[in-house]
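Submitted below is the structure of interest, expressed as structure tokens.
Chain letters run A, B, ... following the sequence lines, proteins first and then strands; every chain starts at 1.
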Amino acid sequence: MAFNHQEIEKKWQDQWESTGVFHAKDNSDKPKFYCLVEFPYPSGAGLHIGHPRSYTALDVIARKRRMEGFNVLYPMGWDAFGLPTENYAIKTGRKPQEVTAENIATFKRQLTSLGFSFDWSREINTTDPEYFKWTQWMFLEFFKAGLAYKASMPINWCLSCKTGLANEEVVDGSCERCGGQTEKRDKQQWMIAITKYADRLIDDLEGLDYVEKIKAQQRNWIGKSEGAEIAFDLVVEGQPEKSHQQRVFTTRPDTLFGATFLVVSPEVVDGWIKMGWQAHEDVQTYVSQALKQTEVDRTSDEREKTGVFSGVMAVNPATEKQIPVWVADYVLGQYGTGAIMAVPAHDERDFSFAKKFNLPLRQVVRPPDLQTILGTDLAMAKAAQSSIVIEHDCYVGDGIAINSGFLNGLSTQEATKQMITWLAEKGVGEAKTTFKLRDWVFSRQRYWGEPIPLVHCEKCDWVSVPESQLPLCLPEVEKYEPSETGESPLAQMTDWVNTTCPECGGPAQRETDTMPNWAGSSWYFLAYAMKHTNNFSFPMSSYKEILKDWMPVDWYNGGMEHTTLHLLYSRFWNKFLFDRGYVPAPEPYAKRTSHGLIMAEDGTKMSKSKGNVVNPDEMVTQYGADAVRLYELFMGPFAEPVPWQINGLVGMRRFLEKSTNLVQMISETESKEVTRGLHQTIKKVSEDVEAMRFNTAVSAMMVFVNTVKEQGSITKESFNAFLIVLCLFAPHLANELNQQTGGTELLETYPWPVFDPALIVEDVIQMAVQINGKARGLIQIAPDAEESVVMELATSDPNIQKYLDGQTIKKVVYVKGRILNIVL
RNA sequence: GCCGAUGUGGCGGAACUGGUAUACGCGCACGACUCAAAAUCGUGUGGGGAAACUCAUGUGGGUUCGAUUCCCACCAUCGGCACCA
């Protein structure tokens, strides 16, 4: 029976709103469950069809938890500062505040139309002064703790627009807007020292329930490597010996005896030249060309290694021999010390460089004896063996030190230790850990962000804006473009900029940079919990209890693309607040899962330029919110990318209509099949939802509806239990059918049904009979039948007998409830 | 190049701990209803073969009574990082 989805959706959405069933309760006696999805950026394009995938998934979980008796917090808000809105404002001359308000209204309407069980009473918005006063306050905490500092960092600069650009606005080295050339310019910017937390950000991953690939990606991003920093004396023509040194970082100090040359980055040589060193002409040429190259060029695929001899020699502290110093762009200026000791016999890049420029090799590690490895593990031995064969002259694995003086005969591990001790004793090096992770550039020369609440005073240097003056709001400006001097548009508002120093009362200027949009999203999970306490006002200490009640987030779902930025920033931010004593847990999220992207029908990414974007409004209007919710979860495995197929929605709609038809089949009795099917469905859905196997959960409900249709009748009790299950996925129709069949309460207030294991057991099952492992027949038996009974039944089957004729049975494999295999 | 994931009908996908490969949905074909169509309902639907049977889970091997599942090698596709010392 067709139903009018628009009518019933409105009806139940109003009911949920007016009864407040989805409101989380502060100070409740029930156990808490904090369920979180990434809050969206309210863009002008409206909700993307991919958003509801994550939201529906955790909506199902939130709804189930409520029915299971938890006090559930499932909130929603807006991450609304950012570039697209600002650019839209620049283009149209409208206020970003207005544009944001409109976009939020659209998003909220769209989310409401899908029936999510968000607690809208806790809605937050990062651009709301009442919200960002906290973001500003927290920044000041970083500042007070010495973790926020100013440093000169390069920004992208468009030569023709004369403005700074975000990385995103630079496409292939040109300005996205005008196509003009861009270059890097140094600018003093605020930084936050996330690297101080690098170790803890890695170590604390250990105890978290994150999907393994998320952990791996964060570890790789932080990129911890342990090794040593070693100082090499340089021998420069016309300069006294030992007057200069170059430090290198290595993860393999044990191979120092094998270092046959040094390689320094163009950046390092550039530094030498700037300090007055006379480089040979070809060195100068090489360096200036290398520095001009964009990152894309320098890192392009399968590029031949280039380099040039610098003219400088270095002294290997272990062998005391002079070795040449080369310049090459494969060594990065930003990583480590910008220089390496090359050990061509034991590093692949050094090896290919040495081959190309005919530099000497010196073997200092012998692969471990096969015998030694064989003693441990066969697979390992094979792996070790193959790596030895493949590398030929270059062996990168661990082994035994040779040609290495006092290290000879030691294992790589032991040799590393001894070498570090030796370096320290001689005063030429020490153990050192480096990270790939760099400090967080926290300044933007933009309008649409939180103003950085600092004041610069000639006398007092940088001073915090006092808590009582927060929020520090954005001034009204005439133009939203960054200024031609590279300052943010705020710099032109002299009335706003010029102020008095909070410390000494003298004249002072405000910082005109704003914060990146990552700032507001780095602590928003706290804001939802804080929202109803103390009117969201200072001080932070007044939220201690409520944060203790709600934190950490029990389940956080979001996109893989946020793994190394938002997810890492917010973990860091929370850890910092934890150290300051403001939040109760060192980690913000106990569990993190990820959804797969929704692709266009042809399997490619949806994009406006391709015109293959699916509009959720149209889908909801045409097929109904429940069908869209079901399809978002049914379309494929939740964690994997899946193409959007409009036909899939047709099937969901049919399923809902079939469910509606069951109302006519309600009667006093039902068959065993229906009862069993119901309990099987409850079990399957319960388990699948927890494991995020939503696609098979939906399929289980379909199977049940098909069963009832075949059987023709269902009791009211069973139908009601089914509606509770269905309510997770299709809450509008489930409530409607519940009311139609006499229910007076919202389905959301019912307890989650419990299945009876006894009712799930089938009394007769079909068992395959195999001959030599091939299925040859089917028999009907009790699931726990004894082998003799099953054999008798099987051998009396004419189909099976045919195979047994004139053969001797060698073996019978019988697995209860699974298989009977007769081996001839 | 490194890391990670994936590969099953016409399509999206399912398969517990190794136990009837293709659940569920889409599509398609035929039938019913209809003047007709849509919608709906019913039946069928991996390939080959009249059938017995046989071949099929990216490819090639292996372990096993039995492999989509475990092991080895390879191929392809997607994602992340990209010369990280």
Residue-phosphate contact under 4.0 Å: A/Arg654 side-chain N/O, B/C26 OP1/OP2: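 So the side-chain polar atoms of A/Arg654 do come within 4.0 Å of the phosphate oxygens OP1 or OP2 of B/C26, strictly under.
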
Taking for each residue the nucleotide of RNA chain B bearing the nearest heavy atom, is the 5' side occupied by A/Arg252 or by A/Trp221?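 Nearer the 5' end of the strand: A/Trp221.
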
Ignoring hydrogens and angles, state whether a donor on the side chain of A/Asp350 or A/Tyr330 is under 3.5 Å from an acceptor on the partner side chain. yes

Salt bridge or not for A/Asp784 and A/Lys816, using N-O below 4.0 Å?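 No, this pair does not count.
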
Using purine N1 to pyrimidine N3 plus N6-O4 or O6-N4 for Watson-Crick, or N1-O2 and O6-N3 for G-U wobble, each under 3.5 Å, what pairs with B/A76?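 With both distances under 3.5 Å, B/A76 matches B/U6.
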
Determine the interatomic distance between C1' on B/U69 and the same-named atom on B/A15; round to the nearest Å. 9 Å

Would you say that more than 12 heavy atoms from the other residues, nucleotides or ligands in this model lie under 6.0 Å from the CD of A/Glu786, or not?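 Not buried by this count: 12 neighbours or fewer within 6.0 Å.
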
Rounded to the Å, how far apart are A/Leu820 CG and B/U20 P?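 Whole-Å distance recorded here is 13 Å.
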
Atom CD in A/Gln245, atom CG in A/Leu234: separation rounded to 0.5 Å?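 Going from the CD atom of A/Gln245 to the CG atom of A/Leu234 covers 7.5 Å.
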
Using the C1' atom in both, what is the distance from B/A82 to B/U20, to the nearest Å?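 Approximately 48 Å lies between the C1' atom of B/A82 and that of B/U20.
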
Tell me the partner of B/G19, counting only Watson-Crick (N1-N3 plus N6-O4 or O6-N4) or G-U wobble (N1-O2 and O6-N3) with both under 3.5 Å; none if nothing fits.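 Paired with B/G19, as far as the under-3.5 Å criterion goes, is B/C65.
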
Under-3.5 Å donor-acceptor pair between A/Gln770 side chain and B/G19 base: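 Donor-acceptor pair under 3.5 Å: yes.
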
Got a donor-acceptor pair under 3.5 Å from the side chain of A/Arg219 to the base of B/C3?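 Answer no: no donor N or O sits under 3.5 Å from an acceptor.
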
Which nucleotide sits closest to the side chain of A/Thr251: B/A85, B/G19, B/A21? B/A85

Quick one: is A/Tyr335 getting a side-chain N or O under 4.0 Å of the B/A82 phosphate, OP1 or OP2? no

Looking at A/Ser225, does any N or O in its side chain come under 4.0 Å of the phosphate oxygens OP1/OP2 on B/A85?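 Yes, A/Ser225 has a side-chain N/O under 4.0 Å of OP1/OP2 on B/A85.
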
Quick one: is A/Lys774 getting a side-chain N or O under 4.0 Å of the B/G19 phosphate, OP1 or OP2?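 No, outside the criterion.
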
Heavy atoms under 4.0 Å, any strand shown: does A/Phe261 hit a base, just sugar-phosphate, or nothing? nothing

Please tell me whether A/Asn557 and A/His595 have a donor and an acceptor in their side chains that are separated by less than 3.5 angstrom.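 Side chains of A/Asn557 and A/His595: pair found under 3.5 Å.
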
Same-atom distance (C1') from B/G49 to B/A56, integer angstrom: 15 Å

Measure the distance from CG on A/Asn772 to C1' on B/G19 and round it to the nearest whole Å.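 It is 15 Å, rounded to the nearest whole Å.
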
With respect to the phosphate group of B/G66, does any side-chain polar atom (N or O) of A/Arg776 fall under 4.0 Å of OP1 or OP2? no

Taking syn as any angle within 90 degrees of 0 and anti as the rest, which one fits B/G9?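 Syn conformation for B/G9.
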
Span that lies between the C1' atom of B/C41 and that of B/G18, in whole angstrom: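 One C1' to the other, the span is 41 Å.
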
Tell me: CE of A/Met702 to P of B/G12, nearest whole Å?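 So the CE-P distance, A/Met702 to B/G12, works out to 17 Å.
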
Nearest nucleotide by nearest heavy atom, which residue falls closer to the 5' end of RNA chain B, A/Thr696 or A/Ser699?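 Looking at RNA chain B, the more 5' nearest nucleotide goes with A/Thr696.
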
Base paired to B/C28 (Watson-Crick or G-U; both N/O distances under 3.5 angstrom): B/G44

How long is the line joining CD of A/Gln645 and P of B/C26, in whole Å? 12 Å

Pick base, sugar-phosphate or nothing for A/Val815, based on heavy-atom distances below 4.0 Å to the nucleic acid. base

B/G44 and B/A38, which share atom name P, separated by this distance in whole Å: 22 Å

Base, sugar-phosphate alone, or nothing: which one does A/Gln766 contact when heavy atoms must sit under 4.0 Å apart?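 Contact class for A/Gln766: base.
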
Complementary nucleotide for B/A82 - Watson-Crick or wobble, under 3.5 Å: none

Compare side-chain N and O positions of A/Asn706 against OP1 and OP2 of B/A23 and report whether any pair is under 4.0 Å apart.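 It does not, given that no N or O in the side chain of A/Asn706 lies less than 4.0 Å from OP1 or OP2 of B/A23.
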
If we take the P atom in both B/C2 and B/A73, what is their distance in whole Å?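 Nearest-Å result for B/C2 against B/A73 at atom P: 14 Å.
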
For a quick test of reading the model: is some side-chain N or O of A/Lys213 closer than 4.0 Å to OP1 or OP2 of B/U6? no

Considering only B/U20, B/G19, B/A85, which nucleotide approaches the side chain of A/Leu332 most closely?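 For A/Leu332, the side-chain atoms sit closest to B/A85.
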
Once you round it to whole Å, what is the distance between C1' of B/C41 and CE of A/Met665?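 So the two atoms are 11 Å apart, to the nearest Å.
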
Answer yes or no: does a side-chain N or O of A/Lys709 lie under 4.0 Å from OP1 or OP2 of B/G42?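 For A/Lys709, the contact criterion (side-chain N or O under 4.0 Å from OP1 or OP2 of B/G42) is met.
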
With rounding to the closest Å, how many angstrom separate the C1' atoms on B/C16 and B/C11? 26 Å

At their closest point, which heavy atom of A/Tyr631 faces which heavy atom of A/Leu649, and how far apart are they?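 The answer is CB-CD2, 3.7 Å.
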
Measure from the side-chain heavy atoms of A/Lys802 and tell me the nearest of B/C81, B/A14, B/A52. B/A52

Could you tell me the separation between the CD atom of A/Gln218 and the P atom of B/C81, rounded to a whole number of Å? 14 Å

Could you work out the separation of B/C83 and B/G13 based on their P atoms and round it to a whole Å? 34 Å

Just by distance, do the side chain of A/Ser265 and the backbone of A/Gly338 share a donor-acceptor pair under 3.5 Å? yes

A/His562 and A/Glu38 side chains, donor-acceptor separation under 3.5 Å: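 Yes, side-chain donor-acceptor contact under 3.5 Å.
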
OP1 or OP2 of B/A14 sitting under 4.0 Å from any side-chain N/O of A/Asn695? yes

Out of B/C24, B/C83, B/G19, minimum distance to the side chain of A/Asp329 belongs to B/C83

Rounded distance (Å) that lies between atom P of B/U20 and atom CD1 of A/Ile779: 14 Å

What is the base-pairing partner of B/C33, counting Watson-Crick and G-U wobble geometry with both distances under 3.5 Å?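 The base-pairing partner of B/C33, which may sit in any strand shown, does not exist here.
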
Electrostatic pair A/Glu657:A/Lys709 at N-O distance under 4.0 angstrom: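 Looking at A/Glu657 and A/Lys709, the cut-off is not met.
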
Please classify the nucleic acid contact of A/Val703 as base, sugar-phosphate, or nothing, using heavy-atom distances under 4.0 Å. sugar-phosphate

Rounded to whole Å, the CH2-P distance (A/Trp326 to B/A85) equals 23 Å

Looking only at N and O atoms, is any donor in the side chain of A/Asn647 or the base of B/C26 less than 3.5 Å from an acceptor on the other one? no

